[in-house]
Amino acid sequence: MSDFYQNVFEVVRQIPAGKVTSYGAIARYLGSAGSSRMVGWAMNLSHHQEVFVPAHRVVNRNGLLTGKIHFGSPDEMQELLENEGIAVENDCVIHFKELFWDPIKELL
DNA sequence: ACGTTGACCTATA
DNA sequence: GTATAGGCCAACG
């Protein structure tokens with residue numbers, strides 16, 4: 001496994017419960033700014049990872065749950081988010097700005 | 001081997 | 001403020 005994906009999984013794993021982040025933030029944190037799509041591929045591989053990766057805490061810049069369809073069930077992601085106290089409506093994270101967790105600022 | 005697609009983001013009009 | 005274009009790199013057909 002490339003270090004890139006491993007790093008992505010590690011960052012995603014460090015996301016606190018009840019918080020969310022965006023692909024671009026992770027990509028920028030890894031230094032591969034602009035390659036946010038690779039983060040998405042990394043999430044795709046997260047299912048194959050043995051360790052649990054809270055991919056449901058990762059959403060796009062708009063706070064839209066674009067990758068919910070890649071879960072076991074499209075509703076599973078929303079269920080997980082609501083289970084952590086994150087309000088989700090119309091596939092959008094409510095108070096996304098407040099729940100946003102930037103690895104660059106927080107994790108640094 | 002080439003072309004298209006994809007869990008995206010930034011920039012310009 | 002919305003709309004369109006370009007870029008990025010890897011996987012799939």
Side-chain angles (χ1 to χ4, degrees):
Chain A
M1 186 65 74
S2 303
D3 296 334
F4 180 78
Y5 297 128
Q6 196 66 36
N7 210 338
V8 172
F9 298 141
E10 197 165 332
V11 173
V12 174
R13 218 178 299 147
Q14 253 90 105
I15 300 176
K19 294 281 184 161
V20 290
T21 186
S22 62
Y23 304 92
I26 299 175
R28 199 161 45 162
Y29 174 76
L30 296 178
S32 298
S35 303
S36 22
R37 294 196 137 144
M38 306 299 88
V39 181
W41 268 115
M43 296 292 104
N44 211 345
L45 300 175
S46 68
H47 289 274
H48 290 267
Q49 282 303 321
E50 299 184 4
V51 290
F52 178 72
V53 180
H56 56 273
R57 293 179 194 158
V58 184
V59 294
N60 66 337
R61 198 61 178 165
N62 264 325
L64 188 68
L65 298 128
T66 51
K68 67 168 190 173
I69 54 184
H70 283 273
F71 277 78
S73 295
D75 300 327
E76 188 174 321
M77 186 173 184
Q78 185 159 344
E79 282 285 327
L80 289 168
L81 286 173
E82 289 184 346
N83 193 8
E84 294 189 354
I86 302 177
V88 178
E89 189 170 315
N90 199 359
D91 299 341
C92 293
V93 178
I94 312 299
H95 305 299
F96 171 71
K97 187 181 176 184
E98 297 185 16
L99 298 175
F100 185 75
W101 182 82
D102 198 341
I104 302 176
K105 292 186 67 175
E106 305 294 333
L107 192 62
L108 195 57

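Every chain is numbered from 1 and lettered A, B, ... according to where its sequence line falls, protein lines coming before strand lines. Just so you know, these numbers come straight off a predicted model, no measurement behind them.
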### Query
Between A/K19 and A/E106, is the closest basic N to carboxylate O distance under 4.0 Å?
no
#### Entry: Cation-pi geometry met for A/R61 and A/F96 (6.0 Å, 45°)
no
### Summary
In 5'-to-3' order, the base (B), backbone-only (S) or no-contact (-) status of each nucleotide in nucleotides 6-13 of chain B, using a 4.0 angstrom heavy-atom cut-off, is BBBS----
### Task
Determine yes or no for a side-chain-to-main-chain donor-acceptor pair under 3.5 angstrom, with A/D102 supplying the side chain and A/I104 the backbone.
yes
### Message
Could you see if A/F71 belongs to whatever hydrophobic cluster contains A/M43? Use Ile, Leu, Val, Met, Phe, Trp, Tyr and a side-chain cutoff under 4.5 Å.
### Response
no
### Query
Hey, is the main chain of A/E10 close enough, under 3.5 Å, to the side chain of A/Q14 for a donor-acceptor pair?
yes
### Query
What integer number of Å spans the C1' atoms of B/dA7 and C/dA3?
23 Å
